[in-house]
Undergrad: 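The structure follows.
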Amino acid sequence: MAEAVPVRCPACLRENGYTAPVFPCACGSPVNPPLDLSAPPVLLTHRTWSDSWVAVRCTTCGRESEWPHPELGCGSCGTVVRLPVHPLERPESGTGPGTGRGAGPGAAGAADRADRAARRGEGPADAGAGAPGDAVGDGRAGGAGGGGPAAARPAVDPAHIPPPPTAAVPRPAFRPVTIRTARDAVATAALYLRWLGFQDVRQPDGRPIPSAAVDLRAPGLVAQVDPTTAPAGLRAVECVWLNGLTASATSVYFSLAGYTADARDRADELGIPLFVMDLTGMPQPVNDPADELVGSGA
């Protein structure tokens with residue numbers, strides 16, 4: 001956890017202790033905005049959506065994501081200040097992850113998904129293509145030397161070969177919509193669910209429940225979208241799971257600010273797909289159930 005630093009209020013000159021928030025990267029590592037303590041805090045008099053976010057690079061996987069800009073409310077006079085953050089340093093060409101022409105958040109997301117697929121043993125298609133060829137080559141060599149049936153027999157019993165992973169559903173590339181408002185976040189989540197194959201995605205009729213999260217429903221689907229700047233917690237994940245259990249439907253959660261560690265652990269236990277959205281409007285899977293949903297579709 002980051003250490004508390006003193007921040008002097010520009011209005012009443014009182015020092016307040018501030019601890020930079022820690023956000024969960026899609027790779028699971030903690031990410032926190034690097035505070036620029038040499039610059040004075042900026043008095044916040046007018047809030048805009050674009051200024052409320054700051055780009056931060058994960059030191060583990062190199063992913064660049066948008067997170068809430070650090071702010072502090074003075075405990076004495078109530079003045080709200082925005083804390084300066086070191087600008088995102090662009091690594092030199094060929095010296096960092098995701099560098100090079102054409103690399104960007106999409107490339108980082110693809111690399112992250114490929115890494116998780118490799119950990120599950122799926123691997124790229126051409127990685128396993130050489131193994132059958134090698135077995136055939138060995139059989140030919142054995143046939144040339146002995147020519148017996150034992151030499152032509154495959155080295156692995158087909159009964160022990162694991163079944164192939166679920167093939168990805170062919171679909172066109174998702175076209176993200178820039179998120180500027182909370183309504184844009186809900187619309188982007190609905191578009192993404194339709195892209196996954198869910199039909200008739202809409203907000204349910206009737207009086208909405210007082211909550212920051214917005215419900216989305218479709219046949220066989222219960223989804224919630226959290227457009228706030230606070231990470232989704234354990235209770236939110238359990239609520240969407242209970243709603244899906246009641247409706248005998250798949251539960252999915254979308255968040256702009258990520259998830260707490262307890263929420264992610266609970267979602268993994270319950271098999272709930274979690275997605276995080278940045279301001280470019282491109283949802284990224286956070287856990288294995290989300291990866292499986294993207295791979296298999298609705």
Undergrad: Please determine whether residues Val286 and Val56 belong to a single hydrophobic cluster, defined as Ile, Leu, Val, Met, Phe, Trp and Tyr linked transitively by side-chain heavy-atom distances below 4.5 Å.
TA: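 No, no single cluster joins them.
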Undergrad: Who pairs with Glu71 by salt bridge (Lys or Arg N to Asp or Glu O under 4.0 Å), at least two apart in sequence or on another chain?
TA: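 In terms of salt bridge (Lys or Arg N to Asp or Glu O under 4.0 Å), with neighbours along the sequence ignored, Glu71 is linked to Arg47, Arg82.
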Undergrad: Is Arg202 salt-bridged to Asp200, cutoff N-O under 4.0 Å?
TA: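 Yes, Arg202 and Asp200 are salt-bridged.
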Undergrad: Counting only N and O atoms by type, is there a donor-acceptor contact under 3.5 Å from the side chain of Asn287 to the main-chain atoms of Leu274?
TA: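 It does hold such a pair.
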Undergrad: Assigning hydrophobic clusters by single linkage (Ile, Leu, Val, Met, Phe, Trp, Tyr; side-chain heavy-atom cutoff under 4.5 Å), is Ile179 placed with Val54?
TA: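 Per the 4.5 Å side-chain linkage, Ile179 and Val54 are not co-clustered.
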Undergrad: Is Leu191 linked to Leu279 within one hydrophobic cluster, defined over Ile, Leu, Val, Met, Phe, Trp and Tyr using a side-chain heavy-atom separation of less than 4.5 Å?
TA: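 Yes, because Leu191 and Leu279 connect within a single hydrophobic cluster, where side-chain heavy atoms sit under 4.5 Å apart.
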Undergrad: Side chains of Asp226 and Thr228 only: does a donor on one sit below 3.5 Å from an acceptor on the other?
TA: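 Yes.
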Undergrad: I'd like to check the side chain to side chain contact (heavy atoms under 4.5 Å, CB included) partners of Cys239; sequence neighbours left out, ordered by chain and number.
TA: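 With sequence neighbours excluded, Cys239 shows a side chain to side chain contact (heavy atoms under 4.5 Å, CB included) to Arg235, given in chain and number order.
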Undergrad: Hey, could you give me each pair passing ring-ring contact (aromatic ring centres under 6.0 Å, His included) that has a residue in residues 216-244? Not counting sequence neighbours.
TA: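 Checked against ring-ring contact (aromatic ring centres under 6.0 Å, His included) - neighbours excluded - no pair reaches residues 216-244.
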Undergrad: Can you list every salt bridge (Lys or Arg N to Asp or Glu O under 4.0 Å) pair that touches residues 28-44, not counting sequence neighbours?
TA: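 Found none.
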Undergrad: Would you mind listing the cluster partners of Leu44? Hydrophobic ones only (ILVMFWY), side-chain contacts under 4.5 Å, chaining allowed.
TA: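 Besides Leu44, the hydrophobic cluster comprises Val80, listed by chain and residue number.
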Undergrad: Give me each pair satisfying salt bridge (Lys or Arg N to Asp or Glu O under 4.0 Å) with a member in residues 20-32, each pair once, sequence neighbours excluded.
TA: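 As it turns out, there is no salt bridge (Lys or Arg N to Asp or Glu O under 4.0 Å) pair with a partner in residues 20-32 once direct neighbours are skipped.
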Undergrad: So if you build clusters from Ile, Leu, Val, Met, Phe, Trp, Tyr with side-chain heavy-atom gaps below 4.5 Å, do Leu221 and Met277 land together?
TA: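 Yes.
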Undergrad: Can you name the salt bridge (Lys or Arg N to Asp or Glu O under 4.0 Å) partners of Arg264, sequence neighbours left out?
TA: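 With neighbours one apart ignored, the set is empty.
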Undergrad: Checking the side chain of Ser29 only, and the main-chain atoms of Cys25 only, is there a donor and an acceptor separated by less than 3.5 Å?
TA: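 Side chain of Ser29 to backbone of Cys25, a donor-acceptor pair under 3.5 Å: no, none is there.
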Undergrad: Side chain to side chain donor-acceptor pair (under 3.5 Å) between Thr260 and Asp262: does it pass, once the steps are laid out?
TA: CA-CA 5 Å; Thr260 63; Asp262 291 342; 5.5 Å; no
Undergrad: Applying side-chain hydrogen bond (donor to acceptor under 3.5 Å, both in side chains), which residue pairs with at least one partner in residues 178-196 are found, sequence neighbours left out?
TA: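 Applying side-chain hydrogen bond (donor to acceptor under 3.5 Å, both in side chains) to every pair that reaches into residues 178-196, excluding sequence neighbours, yields Thr181-Asp184.
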Undergrad: Do any pairs count as a salt bridge (Lys or Arg N to Asp or Glu O under 4.0 Å) and have a residue in residues 242-258, sequence neighbours left out, and if so which ones?
TA: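 As it turns out, there is no salt bridge (Lys or Arg N to Asp or Glu O under 4.0 Å) pair with a partner in residues 242-258 once direct neighbours are skipped.
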Undergrad: Does Leu270 belong to the same Ile/Leu/Val/Met/Phe/Trp/Tyr cluster as Val276, with side-chain heavy atoms less than 4.5 Å apart forming each link?
TA: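 In one cluster: yes.
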Undergrad: Measure the CZ-CG distance between Phe198 and Leu216 for me, rounded to the nearest 0.5 Å.
TA: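 Output value for this atom pair is 11.5 Å.
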Undergrad: Holding to ring pair (Phe, Tyr, Trp, His ring centres under 6.0 Å), I want the full list of residues that pass it with Phe23, two or more places apart in sequence or in another chain.
TA: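 Scan of Phe23 (ring pair (Phe, Tyr, Trp, His ring centres under 6.0 Å), adjacent residues dropped) gives Trp67.
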Undergrad: Test: salt bridge (Lys or Arg N to Asp or Glu O under 4.0 Å). Region: residues 4-23. Which pairs qualify, not counting sequence neighbours?
TA: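 Non-adjacent pairs meeting salt bridge (Lys or Arg N to Asp or Glu O under 4.0 Å): Arg8-Glu15.
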Undergrad: Using the test side chain to side chain contact (heavy atoms under 4.5 Å, CB included), find all partners of Pro273 that sit at least two apart in sequence or belong to another chain.
TA: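 Side chain to side chain contact (heavy atoms under 4.5 Å, CB included) check on Pro273 returns Val252, Phe275, Pro289, Ala290, Leu293.
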